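We use all heavy atoms of the structure for the numbers below, so side chains are in, but hydrogens, waters and symmetry mates are not. What you see is a predicted model; the values in this text were computed from it and never measured.
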Amino acid sequence: MCVIQEHTSCCTGTSMANEIPEFPFPYQPYPIQEQFMKALYGALEDSKVGIFESPTGTGKSLSLICGALTWLKDFEERKRQETADLLQEGEAVLSAPTTSSSASSQNSSADPDWITDFVQKKSERELVSKIKEDEIKRKKREERLEMIRHNAQLKYAFKRKSSEEDETLKLLQLSKGGEEEEALGDAEEEELIVAEYESDEDSKTKSKFCGGADDEDDDLVEEHVTKIYYCSRTHSQLAQFVHEVQKSAFCQDVRVVTLGSRQNLCINEDVRRLGSIQRINDRCMEMQKNRHEKPPQEEGAKRKRGPAKAVCPFAGATALQTLRDEVLGAVSDIEQLVTLGRKTHACPYYATRLAVPSSQLVVLPYQMVLHAATRRASGIQLKGQILIIDEAHNLSDTLSCIHSVELTGAQFCRAFSQLRQYSERYKSRLKAKNLMYIRQILFVLEGLVQVLGGESFCEPAASPLGTQLLTINDFLFKAQIDNINLFKLCGFVEKYAGSGVTPHPQMPRPQTPRPQTPHPQTPGGLNKENRRTEGLSQAEHVLAASPMMQVEGFLMALTNSNKDGRVVVHRQGTLSESSVKFLLLNPAVHFAQVLTECRAVIIAGGTMQPVSDFKQELLFSAGVAQERITEFSCGHVIPPGNILPLVMSSGPSGQELEFTFQNRDTPRMMDETGRVLFNLCTVVPGGVVCFFPSYEYSRRTLAHWDSSGALARLAAKKKIFQEPKKANQVEQVLGEFSRCIQRCAADGGALTGALLFSVVGGKMSEGINFSDDLGRCVVMVGMPYPNIKSPELQEKMAYLDKHLPHAAGRSPGQALIENLCMRAVNQSIGRAIRHRGDYSSIVLCDRRYSRPATVAKLPEWIRSRTQVHASFGTAFAALRKRSHSSL
């Protein structure tokens, strides 16, 4: 019933060999769950990079929780014992009488004996003092958390507001009423002047939590303890994981923090209603900057005229510290954190970040841990920590998309216009070095626009339209910015993009013609699911409040190595619609730092196959040795008879099923596909889900069936549903699909259920559960190969062919195409079979699925039960027998 694959000679440490840990599972675990937890414990103990595959429905999340937290508890106990032994040994040495040094030591050192003894004693005293200090901090932290858990009176200590917080509220109200006729005073003008920028200074990096280092916040900073970072793709998946932690035996004594964006955690309604995540970020940082500005210290100094600056009433130090302790005292998801923040009148966004150092388990989205700048801004330190990346089947694409950047001509125009206005207005008051940097940025922006065919930010002159793909160096030469130090410019933009360099709302509008509405673009990536910041829509990305932030991201991308990336230039009919995009070809260059810093990295998923290219592209290319990698793959908990995967090579009329680009659009192939589906719907009860390789092919096929009458015949057997075009309609369609199946089962009429047409890689191919009657049969029409004519994909293939070794007579580029296809197939067919008692059939409609190399890329629990049928009759008989045995 289960298949375990261990791909290393040893996946557990010496401690595991001597003692098998006990895992506090909430119920009797399945054997594969016990094996999963033991393998996970061993990988963490031995500092491995583990690839763990456990099908959906086998309790993967709970196995990750129990295995990882059990190891963490054991590790902390061993560390406490080692600390106690070291402290005892040190005190014994200090209390021992001083002995004279040996003759050999006298000969080897010119110092007198008493000096040598003094230095040695001093070193030992400092070590003992450090150990004692760490122990005192640890005990204080544990005592404080214990008090929070058992003393309800401390929950509302925030109500005793300090005078500082009262002043904060007054300032906020003054800022709301200050938007009257009072003109901008000298004080406000002064605020827009950036301080002198020193790019080469070696000052310590200041905390970005509060924008400064106020004395009142010193007690909020704590030393990082050993912890586990768990990241997944969406907030809903993170919430589900937190709920599993709440149901586990660790709920009462583990410190869990859930991190999210300001858009998800902000409780200031004045800021939330801004909508765009970029505008929310800008406004929040501005309010934090206002709060931490110190008033004039000169005696008798008068307040300068101008409206009062808005500050956030939820960012008081006392309230943040209270909420931080509350967060550490109880396991909470995003929604619960927002509710708790409103009750305590404290900001959940900053409180959760302040809680990270003391936490034992941090739950966060992909981009917060995989993107270095976001990591630093969130206060995440990976050195010596554990990282678990769940739902990691698209990890390579995710890394590429997070670090890829796309900008339109409209964004360049907007950034240039705002920065030029700022420069002209304040050039007499800016420091010379800052003015130099601003002029350099304007020069760079002008060069980038010229690459798009524009000149002086007007519509482009006659120039060839289309797509051009350049190396980074060639692009810099083409834009004539190869002599600019982009590292220094990025540092300048990063420091000031959210402050003075954005124009004041009352400044005059740009004098240059406003560009046309830009063509919506996804912020860097082929897959819409892998956006750098979840929740940021396409329109909001283009019209973000701080265009210089997007410019800074693009300039930083251009600092990558020339061989690791390419720049795609899209020239359209107008400048505003044209765009440039940085494409990252080597995601390992950014993943290497994560792998090096972490003690252990666990890459987990329900369908990780095929893993060959994954290891080669992300692990070996990042410098990970083969002996550090361990693999674990297990079967499903369902009985063997509960799943029937079969390859259908021909249709009812004998037509061979091979949906190549040349064959799939023929009427004969479309008609045969309709006959296959009609026969399946005749014998399969409940719900049938049919996946097409693309939206366009789905549209053409359904249109053909509609004109030929095949769609009406299908509708006589099952009610037809289609994947919606808008993401916010998915839940509605699924609800109607489910209710229809339930009605058909209760009525017992001519309709036997429902048929849902979906698309591979679409809205319903990932994260959707077609359990029980919703997915009694999953049909895959053809093989969803990516568009090989895509310039970006061709460049990626060329890069892999040049830098990765060839294997089994295939080039790495060709292997990439096949693996992208089969990974998408595995995700789609994995929507069925969601628990031990579930059952389903999987029909792969294409002769090419019968190839041994293709079958080998299916998950083990499906591959071992797959039947290949050359004729439709034998395949249909097996399917009918499976369906009748379940009735």
Side-chain angles (χ1 to χ4, degrees), residues 208-210 229-246 256-288 312-315 319-320 323-324 326-328 330-356 359 361-371 373-375 377-380 390-391 398 402 498 523 528-541 544-546 549 727-728 730-731 767:
K208 292 188 178 180
F209 293 144
C210 299
Y229 289 99
Y230 171 90
C231 64
S232 191
R233 187 170 60 89
T234 65
H235 284 294
S236 60
Q237 291 169 340
L238 296 176
Q240 182 181 356
F241 181 82
V242 171
H243 295 159
E244 292 291 332
V245 176
Q246 292 171 335
V256 181
V257 175
T258 304
L259 297 183
S261 65
R262 286 181 174 90
Q263 192 176 42
N264 293 110
L265 288 172
C266 179
I267 60 174
N268 188 329
E269 294 301 327
D270 291 339
V271 177
R272 286 174 62 88
R273 67 170 58 103
L274 295 174
S276 163
I277 189 171
Q278 187 63 53
R279 294 179 185 275
I280 291 175
N281 288 341
D282 292 343
R283 183 59 171 160
C284 178
M285 288 187 287
E286 178 188 353
M287 296 173 82
Q288 291 303 312
C312 184
F314 304 102
L320 286 178
L323 182 55
R324 177 199 65 180
E326 294 276 0
V327 169
L328 294 172
V331 181
S332 305
D333 62 15
I334 291 286
E335 289 74 18
Q336 292 166 336
L337 287 172
V338 170
T339 301
L340 190 59
R342 289 193 174 109
K343 287 182 179 178
T344 56
H345 206 71
C347 175
Y349 178 82
Y350 286 109
T352 51
R353 278 149 180 74
L354 293 172
V356 167
S359 63
L361 174 61
V362 180
V363 182
L364 68 171
Y366 276 163
Q367 59 268 21
M368 281 192 180
V369 73
L370 297 178
H371 191 261
T374 310
R375 257 196 329 266
S378 302
I380 296 168
D390 202 0
E391 303 296 334
T398 300
I402 286 175
K528 61 177 181 287
E529 69 200 34
N530 293 326
R531 291 172 178 164
R532 179 167 172 177
T533 307
E534 187 178 359
L536 180 58
S537 70
Q538 295 174 349
E540 288 168 348
H541 179 81
S546 299
M549 294 301 292
N728 57 7
V730 170
E731 290 298 327

Show the nearest heavy-atom pair for residues [X] and [Y], with the distance to one decimal.
X    : Y    : result
S236 : T234 : OG-OG1, 3.0 Å
R375 : L370 : NH1-C, 3.8 Å
N281 : R262 : OD1-CD, 3.1 Å
P348 : V338 : CG-CA, 4.2 Å
H235 : G260 : CE1-CA, 4.0 Å
A346 : A319 : CB-O, 3.4 Å

To the closest 0.5 Å, what do you measure between [atom1] ([X]) and [atom2] ([Y])?
X    : Y    : atom1 : atom2 : value
L340 : L323 : CG    : CG    : 5.0 Å
S261 : I277 : OG    : CD1   : 4.0 Å
S378 : H371 : OG    : NE2   : 11.0 Å
C347 : Q288 : SG    : CD    : 7.0 Å
F314 : C284 : CZ    : SG    : 11.5 Å
I334 : L265 : CD1   : CG    : 4.5 Å

Legend entry - Main-chain N/O of S332 paired to T258 side chain as donor or acceptor, under 3.5 Å: yes

Legend entry - Check: Y349 side chain, Q263 main-chain N or O, donor-acceptor pair, under 3.5 Å: no

Legend entry - Audit row: V242, V331, side-chain contact (heavy atoms from CB on, under 4.5 Å) steps and yes/no: CA-CA 7 Å; V242 171; V331 181; 3.8 Å; yes

Would you say the side chain of [Y] lies within less than 4.5 Å of the side chain of [X], judging by non-hydrogen atoms?
X    : Y    : value
E335 : T339 : no
V362 : I380 : no
Q336 : Q246 : yes

Legend entry - ring pair (Phe, Tyr, Trp, His ring centres under 6.0 Å) against Y229, all qualifying residues, sequence neighbours excluded: none

Inset, instruction - Take the angle between the ring planes of Y230 and F241 and call it parallel below 30°, perpendicular above 60°, tilted in between. - result: parallel

